[in-house]
Number of protein chains: 2
Amino acid sequence: MNGEGDSASVKVALLGYGTVGTEVARLLHEHAADFTARAGASIELAGVAVRRPDKHPDVPAELLTSDATALVESDVDIVVEMIGGIEPARTLLLNALRAGKSVVTANKALLAEHGAELFAAADTSGADLYFEAAVAGAIPLLRPLRESLAGDRITRVMGIVNGTTNYILSAMDSTGAGYSETLEEASRLGYAEADPTADVDGFDAASKAAILASLAFHTRVSAADVHREGISEVSSSDIAAAKALDRTVKLLAICERVNGAEGGEAVSVRVHPVMLPRRHPLSSVDGAFNAVYVEAEAAGQLMFYGQGAGGAPTASAVLGDLIAVARNRVAGGRGPRESAYAALPVRPFAETCTRYHISLDVADRAGVLSQVAAAFAAHDVSIAAVRQRGRNQDASLVVVTHAATDAALRSTVDEIAKLDAVHEVVSVMRVEGGEP
Amino acid sequence: MNGEGDSASVKVALLGYGTVGTEVARLLHEHAADFTARAGASIELAGVAVRRPDKHPDVPAELLTSDATALVESDVDIVVEMIGGIEPARTLLLNALRAGKSVVTANKALLAEHGAELFAAADTSGADLYFEAAVAGAIPLLRPLRESLAGDRITRVMGIVNGTTNYILSAMDSTGAGYSETLEEASRLGYAEADPTADVDGFDAASKAAILASLAFHTRVSAADVHREGISEVSSSDIAAAKALDRTVKLLAICERVNGAEGGEAVSVRVHPVMLPRRHPLSSVDGAFNAVYVEAEAAGQLMFYGQGAGGAPTASAVLGDLIAVARNRVAGGRGPRESAYAALPVRPFAETCTRYHISLDVADRAGVLSQVAAAFAAHDVSIAAVRQRGRNQDASLVVVTHAATDAALRSTVDEIAKLDAVHEVVSVMRVEGGEP
């Protein structure tokens, strides 16, 4: 920090100048007086590290550098990292934290893979590590989990945390179109990246789930612990089957406190598509919006809703952190440290039980239901409800199960698919929310 | 604080042992190990001040005292105030803060009336003043406004922050019953206090609106600045009129950044019933639940939803604050101080413009609409939409206005009520959300 009292200022290094970085710089400039009053110090942008300084004529030349390492090593107090990805972000942030410089980042992948290492570096030097923007963009979510609910026992966090997949599923639901053509349209409109893998295959949501589970349950969960299924297998038949049941398909990140081995506690952390009843509050979260449900023993049910991505919304979260970190620098004190004391095991997905909807096209004749039911019974999958509807020689048969493991369900479906009377397995999908 | 390092502990005085105080004590005991790990110090209940110690056989006798003043003056580090009301709470908390003891309170009335004095005392001694439980119970809302959104410019906060009135309005909506009988039923079921004045006349919501506006706009708003209308004038005709328009009636606290005198900024803070479109997210918040919408320039729209009252939910918020305050004590540092630098004027309600729905029973004959329209024009109230529906000799006429002041609207309605062709002014109600 330079100076004291009224003249206090904190120097900020901005790494990366994409959509979010641009907004952070713009708002820092536009609201400078407000931010000074709120932080108790003026927040000065001391440098902006970009790959190609010549590509950013809008940034004062004296701030631009292509040497992020040197910028981090200069006399800055806070490093705001907007580069994304693992390297060089990891090395840059470790260097910053080890040198006692506080870090604000939105880098979910880095936190989900190397969070422990970053927290340890922050702890050793007494620096702050803030990352509200890493999950659910503008929605204040991590601070509530980390601080507001610190006096409670969170049992479940379930949310829509990826805007691209939510946009695609919403569009499939409203148009009836298939996955591939909807993805193409989403790319054309800028709702999906040129390489959409991180989003559609669930990697982005899995990183966020790891971060949410770690904070909610005071334990350490990394991206590798998260069971991950994307949306590329979701077909228009799945969407139609959901519609017929007054349900909608969403890609959810689900973090649960569950029973572990030998009577202990464990956590289950997973990302996969589910059918939700249309009256479920998460069901009406459309397009690029995010929403997260939290259940805690004392607080009961909570929901947080807002924009999960975009330059300005993400910048809002980054700047909230930046002001908190600056205030800590000026006033003395630190934000919360990593809280992983509970050290809960992560239950393997194979042992995780969920409910399923299975939609089948079957021959409309006597005995079909009994054959299908026998297949479920053979694999110990308990049936909660069955609905059959004839149409000409075909019938549609919908089976809703009680909670079952993935393995048991797969074996059941494999057996059912081989039955003569079963023309097609139209849709197999997990179910959350509401009664079967 | 007693001791350092592993043996650090903070001593807590609990003032009041009602529904919330009981839960706070129970959870402190039940989750002691977790809370120690999260706060970095054991949190010890050092005393419980109640009016009648003999009425609390469940509390260890050595903790009980009827002398709250002495308990606050003893060697406690943190005072948790659950008494409510202005005195003796005000004097006790001022004494605590002046002595450098941090305070956690849910006392919205005290904060809305004497917040400035309390903040000043906290500031002088360097103590913390936390009050998440004062607004919207278990919902993490004040910390997000105070901290997460500190880097943004909040333009509007609008919410359902009183469970009793929301329960009554929800019940009137679903049963069609009148206000008085619904209030009686709510009292019988324990959803309304024996003396419901603070809730039904909007005092409770007004205190909360003052706190929300102060935090959202970095200014000082006290309860007296808040325009307040309760729900006792809401009739079954109003509810029926809302239903006919696919709307629902809610008591909202509304805090807005508005244009002030001479091109400056101001705030408008008010509590009154409004009609909301049924598709508005606040419209489906039923019973004792609370929900708050926040609009900020960068973040866009955010919503927070959860239980607004009750022992355990409120205790969740109190304990989150208690752990934060304990952590600050142990780690050094402080939470955010009062941020009132913006010092915005509060715009008088007379100058505040809102939209209205007016439902009239009129004679079904030519010329009526032109007489009614002339009355609106005479008072400069602009009409956005009109819907007329005949039934026998009567017709129902619904007028939706553009934004108008309360005074202009009242004069208009007074004139309309005198028209021969107008049989009855069925309902006059403000409107928020959606297109007219």
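A note on names: the letters A, B, ... follow the listed sequences, proteins ahead of strands, and every chain is numbered from 1.
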Checking heavy atoms, do the side chain of [X], its backbone, both or neither come under 4.5 Å from chain A?
X        : answer
B:Leu322 : neither
B:Glu23  : neither
B:Glu132 : side chain
B:Phe289 : side chain

Top residue by heavy-atom pair count (under 4.5 Å) with chain B, among [options]?
options                                : answer
A:Leu149, A:Ile139, A:Leu145, A:Asp34  : A:Asp34
A:Ser148, A:Ala315, A:Ala312, A:Pro313 : A:Ser148
A:Gly310, A:Pro336, A:Ala317           : A:Pro336
A:Gly300, A:Gly306, A:Ala299           : A:Ala299

- [ ] Would you mind checking if B:Arg143 and B:Asp321 are paired as a salt bridge, meaning a charged N to carboxylate O distance below 4.0 Å?
- [x] yes

Between [options], the one whose heavy-atom pairs under 4.5 Å with chain A are most numerous:
options                                : result
B:Gly335, B:Gly311, B:Ala39            : B:Gly335
B:Gly151, B:Gly332, B:Gly126           : B:Gly151
B:Leu302, B:Leu319, B:Leu27            : B:Leu302
B:Ser339, B:Gly320, B:Ala298, B:Ala138 : B:Ala298

- [ ] Working to the nearest 0.5 Å, report the span between CG of A:Asn328 and CD1 of A:Ile323.
- [x] 12.0 Å

Task: Interatomic distance, A:Glu338 atom CD to A:His218 atom NE2 [nearest 0.5 angstrom] - done: 11.5 Å

Task: Test applied, side chain to side chain contact (heavy atoms under 4.5 Å, CB included); reference residue, A:Ile154; option that passes from A:Val294, A:Leu212, A:Leu215 - done: A:Val294

Open item on the list: Against B:Val12, only a single residue in B:Val325, B:Val104, B:Val24, B:Val80 fulfils side chain to side chain contact (heavy atoms under 4.5 Å, CB included); can you say which?
Closed with: B:Val80

- [ ] State, yes or no, whether a side-chain contact exists between B:Arg156 and B:Tyr293 at a heavy-atom distance under 4.5 Å.
- [x] no

Open item on the list: Quick one, B:Arg257 and B:Arg153 - any side-chain contact, counting heavy atoms below 4.5 Å?
Closed with: yes

Open item on the list: Classify the ring geometry of B:Tyr167 against B:Tyr191: parallel below 30°, tilted from 30° to 60°, perpendicular beyond 60°.
Closed with: parallel

TODO: Please state whether the rings of A:Phe304 and B:Phe304 are parallel, tilted or perpendicular, taking 30° and 60° as the class boundaries.
DONE: perpendicular

Task: Engaged part of A:Pro281 at the chain B interface, taking heavy atoms whose separation is under 4.5 Å - done: neither

Task: Side chain, backbone, both or neither of A:Arg334 within contact of chain B (heavy atoms, under 4.5 Å) - done: backbone

